[in-house]
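Down below is the structure, laid out as structure tokens.
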Amino acid sequence: MELVAFLETLWLARIPILKGIGVTVSISLLAILVGTVLGIGVGLALTYGKGPVRWLVRGYTDFIRGTPVLVLVLASYYVLGTVGIDLGPFQAGVLALAVFCSSHVGEIVRGALQSIPKGQTEAAKAIGLTFPQTFAYVLGPQALRQVLPAWVNTAAEMVKASTLLSIIGVAELLLRTQELISRTFMSLEFYLFAGFLYFVINYGIERFGKYVERKTSIPS
Amino acid sequence: MTGNLLEIRDLHKRYGDVEVLKGVDCTMAQGDVISIIGSSGSGKTTMLRCINMLEEFQGGSIRIDGEDIGYETVGGTRRRKKEKEIARQRAMTGMAFQQFNLFPHMSAAENVMLGLVKVKKMNRDEARGVAEKWLDRVGLAERRDRFPGQLSGGQQQRVAIARAIAMNPKLMLFDEVTSALDPELVNEVLQVIKDLARDGMSMLLVTHEMRFAYEVSSRVIFMNQGRIGEEGNPREMFLKPQTERLAEFLKTSTFN
């Protein structure tokens with residue numbers, strides 16, 4: 001019975017698979033977290049930055065967004081070492097994904113902020129709010145709601161992009177799966193299983209996003 | 001001390017090469033209700049927006065209660081005041097906009113409370129009390145927990161007026177507040193403004209409602225191509241216009 005054989009093998013390999021999931025989730029979480037924090041800064045600079053600051057950040061986002069993630073991952077691991085920044089594969093990989101994530105989040109944040117009508121800022125000014133207050137209570141909360149669906153999308157992209165770190169030897173879920181396959185030759189079963197696990201992670205992210213969207217929706 | 005609430009002297013405003021205000025002078029005493037009329041592009045809205053620094057201006061001065069708004073002259077050079085200072089000065093006036101500009105993610109009460117809590121530093125309970133009082137005054141006490149998207153245009157505009165007036169401004173600015181409303185909703189908003197006028201609120205209104213300007217104003221200003229074309233009490237202005245331009249303008253506007 002092939003299914004029984006697969007399940008037996010799966011059971012024996014449960015530890016490496018769980019470790020792989022753990023690494024994939026860690027990479028994704030870190031990249032999304034750091035990328036989001038950086039990305040908000042990028043978005044603010046793109047929206048409110050003056051002259052040189054904005055051009056610099058514009059250049060950064062355009063360059064990063066125009067580069068394949070795999071190239072970023074390889075560059076981060078192999079090139080940074082040559083200029084004296086020695087990162088392990090995990091660190092280098094997370095850095096590459098975080099940078100990639102930041103450029104996308106930056107564009108999303110910029111788009112959301114710019115879509116808020118000018119009248120909102122004017123009304124806030126008219127009651128005497130300073131700009132930081134206007135941002136904190138008027139613009140930010142509205143932008144957040146707009147950002148959410150696109151942000152969830154980006155987060156799911158990051159989980160998928162984390163597989164690229166297998167190339168530089170990070171033992172995440174895909175690399176663990178490939179190691180298993182090379183020992184057991186059950187390629188179809190284990191690739192399907194890995195695919196299923198990625199689906200579960202991303203489905204979780206999507207449900208979470210939907211939940212937050214529902215919680216923050218504005219009655220109308 | 002002249003005792004004037006508002007003093008505008010030789011106000012100049014340019015957008016690039018286009019001069020939209022070419023030297024406007026205007027004074028207003030406590031309790032005055034002044035309507036500004038004129039065709040579009042005459043500079044009436046721009047003038048109003050200069051008073052709370054939503055527009056920068058390049059020449060002249062605006063004083064409220066003797067305080068220079070927006071700019072100061074230090075050692076012979078004119079410079080913009082600090083943002084914090086401008087924010088404080090903006091709170092001296094209240095403004096209602098053509099498009100209401102309510103904050104869509106806050107209930108009616110929260111819209112009114114935001115400035116009270118963040119600018120006036122009231123605690124939330126106190127602010128809620130003030131908000132409810134003013135929402136009641138504009139006839140929306142029972143709608144206080146509704147969000148802007150759940151209110152009609154007229155109701156939204158009344159919340160917006162409550163939001164401005166709750167800040168206890170020295171002067172209220174109304175920028176074509178009924179222009180975006182369906183005709184049947186105009187009156188509920190005008191009624192609110194009339195009530196405020198009766199209570200002695202100082203107000204400056206840019207409006208296209210000639211009948212309303214006639215009834216509510218103590219003085220009317222007719223703006224024409226960036227200057228004050230004519231001003232006076234509403235009876236004289238509407239019934240015996242002195243200038244060709246005003247007569248022309250009144251002919252093309254509806255007085256109903």
Side chain, backbone, both or neither of [X] within contact of chain A (heavy atoms, under 4.5 Å):
| X | result |
| --- | --- |
| B:Leu102 | backbone |
| B:Phe103 | both |
| B:Met106 | side chain |

Discussion item. If you compare all heavy atoms of B:Asp68 against all heavy atoms of B:Ser61, which two are closest, and at what distance to 0.1 Å?
Written reply: OD1-CB, 3.9 Å
Worksheet entry | Basic-acidic side-chain contact under 4.0 Å: B:Glu55, B:Arg49 | yes
Item to complete: Answer yes when A:Glu157 and A:Lys160 have at least one side-chain N-carboxylate O distance shorter than 4.0 Å, and no when they do not.
Response: yes
Worksheet item: Could you state the interatomic distance from CD1 (B:Ile37) to OG1 (B:Thr207), rounded to the nearest 0.5 Å?
Response: 9.5 Å
Worksheet item: Between A:Pro117, A:Pro219, A:Ser217, A:Ser220, which has the largest tally of heavy atom pairs under 4.5 Å with chain B?
Response: A:Pro219
Worksheet item: A:Ile127 versus chain B, heavy atoms under 4.5 Å apart: side chain, backbone, both or neither?
Response: both
Worksheet entry | Segment of A:Gln120 engaging chain B (4.5 angstrom heavy-atom cut-off) | both
Worksheet item: Does the salt bridge (Lys or Arg N to Asp or Glu O under 4.0 Å) test come out yes or no for B:Lys170 and B:Glu67, once each step is laid out?
Response: CA-CA 12 Å; B:Lys170 295 176 195 287; B:Glu67 194 177 313; over 6 Å; no
Item to complete: Specify whether A:Phe131 and A:Phe135 have parallel, tilted or perpendicular ring planes, treating 30° as the upper limit for parallel and 60° as the lower limit for perpendicular.
Response: tilted
Worksheet item: chain A: which of B:Lys118, B:Gln150, B:Met167, B:Met95 shares the most heavy-atom pairs with it under 4.5 Å?
Response: B:Lys118
